[in-house]
Amino acid sequence: MDIGEVSKRTKLPPSTLRYYEKKGLITPIARHGLRRVYSVNIIERLALITLGRNAGLSLNEISNMLLNDHIKIDRQILETKANELDNKINEMIAMRDGLRHAAACTAENHLACPKFLRLLKIASKRWSKPDHKLTG
């Protein structure tokens, strides 16, 4: 498959494929003129890369797990990422519930509503984390 076909099937732009190649995540099997040609299993490899990126893994972490034609799973990294996702999910559920309450709350002043104040407290906890940066 040439780079255009891979791009079409995966919905990844050719620039991303070239970047992944530069990072050593994928390798073309040949060139047809100036166009890169990939084996059919490139689709599965790109699916693994996409899965890793969606889970929050860095390209370096993914690269360390993709060795040639096989995978070397780092179970500790995956467990850590799964725990991070659990924390984010719990935080998002609390935010969702708070927003729904705020939308339905009949209090004249939301700042007097205990549930709304809990929502604000949850949001403010993010500011106290050392890695969180406020952007304007």
Side-chain angles (χ1 to χ4, degrees):
M1 271 187 293
D2 73 13
I3 193 168
E5 180 66 20
V6 173
S7 177
K8 183 178 175 183
R9 285 190 183 190
T10 63
K11 301 197 180 0
L12 293 170
S15 60
T16 298
L17 299 174
R18 288 188 293 272
Y19 182 71
Y20 286 173
E21 182 182 339
K22 181 179 174 185
K23 296 290 280 181
L25 292 163
I26 62 174
T27 306
I29 57 173
R31 287 193 180 262
H32 192 244
L34 295 176
R35 297 181 71 85
R36 293 161 170 84
V37 178
Y38 297 95
S39 67
V40 176
N41 70 357
I42 193 68
I43 302 298
E44 288 175 351
R45 190 169 183 91
L46 289 167
L48 283 168
I49 294 168
T50 300
L51 177 65
R53 294 297 292 152
N54 289 341
L57 295 172
S58 71
L59 290 179
N60 286 336
E61 290 169 328
I62 295 167
S63 179
N64 290 336
M65 290 188 217
L66 296 178
L67 304 171
N68 300 323
D69 288 333
H70 61 280
I71 301 170
K72 181 183 174 192
I73 298 294
D74 186 326
R75 295 176 194 284
Q76 184 58 48
I77 288 176
L78 296 183
E79 186 65 33
T80 299
K81 290 298 178 185
N83 290 336
E84 288 174 10
L85 288 172
D86 281 340
N87 290 336
K88 286 180 184 177
I89 289 167
N90 290 333
E91 187 176 286
M92 300 283 290
I93 288 170
M95 294 294 288
R96 179 206 60 202
D97 293 347
L99 291 172
R100 285 192 175 142
H101 171 75
C105 183
T106 58
E108 283 187 40
N109 180 354
H110 280 75
L111 294 178
C113 175
K115 274 191 163 182
F116 187 74
L117 290 174
R118 278 197 302 274
L119 171 66
L120 293 180
K121 187 174 183 178
I122 291 167
S124 69
K125 282 182 184 179
R126 292 188 56 90
W127 295 339
S128 62
K129 291 181 182 178
D131 64 337
H132 182 74
K133 295 180 178 68
L134 294 176
T135 56

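Not measured: the values here are computed from a predicted model.
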Can you list the residues that meet the side-chain contact (heavy atoms from CB on, under 4.5 Å) rule with [X], with sequence neighbours excluded?
X    : value
D74  : M65, Q76, I77
L51  : none
A107 : C105, C113
D86  : N83

query: After noting the C-alpha distance and the side-chain angles of L46 and L17, does the key distance pass the side-chain contact (heavy atoms from CB on, under 4.5 Å) rule?
result: CA-CA 9 Å; L46 289 167; L17 299 174; 3.6 Å; yes
Linking I/L/V/M/F/W/Y whenever their side-chain heavy atoms sit closer than 4.5 Å, directly or via other members, would [X] and [Y] fall into one cluster?
X   : Y   : result
L48 : M1  : yes
V37 : I43 : no
I73 : L85 : no

field: Euclidean distance, M95 CE relative to K88 NZ, rounded to 0.5 Å
entry: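 So the gap between those two atoms works out to 14.5 Å.
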- prompt: Could you give the distance from CZ (R45) to OG1 (T27), rounded to the nearest 0.5 Å?
  reply: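 Reported to 0.5 Å precision, the distance equals 6.5 Å.
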- prompt: Does any pair with a residue in residues 4-14 pass salt bridge (Lys or Arg N to Asp or Glu O under 4.0 Å), and if so which ones, sequence neighbours excluded?
  reply: E5-R9
- line: Quick note, salt bridge (Lys or Arg N to Asp or Glu O under 4.0 Å) partners involving residues 13-34, not counting sequence neighbours, are E21-R36
- prompt: By side-chain hydrogen bond (donor to acceptor under 3.5 Å, both in side chains), which residues pair with S39, not counting sequence neighbours?
  reply: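 Result, side-chain hydrogen bond (donor to acceptor under 3.5 Å, both in side chains) vs S39: N41.
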field: Residues forming a side-chain hydrogen bond (donor to acceptor under 3.5 Å, both in side chains) with R35, sequence neighbours excluded
entry: D2
- prompt: Side chains of I49 and I26: does their closest heavy-atom pair fall under 4.5 Å?
  reply: yes
message: Keeping K81 on the side-chain end and L57 on the backbone end, is there a donor-acceptor pair under 3.5 Å?
response: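 Flag not set: sc K81 to bb L57 has no pair under 3.5 Å.
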message: Looking at I3, is its backbone amide N or carbonyl O close enough to the side chain of S7 to form a donor-acceptor pair, meaning the two atoms are under 3.5 Å apart?
response: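 Between the backbone of I3 and the side chain of S7 there is no qualifying donor-acceptor contact (under 3.5 Å).
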query: Is there any ring pair (Phe, Tyr, Trp, His ring centres under 6.0 Å) pair reaching into residues 1-53, and which pairs are they, with sequence neighbours excluded?
result: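 Every candidate ring pair (Phe, Tyr, Trp, His ring centres under 6.0 Å) pair involving residues 1-53 fails, so no pair, neighbours aside, qualifies.
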task: Could you tell me which residues satisfy salt bridge (Lys or Arg N to Asp or Glu O under 4.0 Å) with E61, sequence neighbours excluded, listed by chain and number?
output: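 For E61, no residue satisfies salt bridge (Lys or Arg N to Asp or Glu O under 4.0 Å) once neighbours in sequence are set aside.
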field: Over all atoms of both residues, closest heavy-atom pair of L59 and R53
entry: CD2-CD, 3.4 Å
query: Apart from I93 itself, what residues make up its hydrophobic cluster when side-chain heavy atoms of I, L, V, M, F, W and Y under 4.5 Å apart count as a link, directly or indirectly?
result: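 Besides I93, the hydrophobic cluster comprises I89, listed by chain and residue number.
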field: Selection residues 92-113 - residue pairs positive for side-chain hydrogen bond (donor to acceptor under 3.5 Å, both in side chains), sequence neighbours left out
entry: none
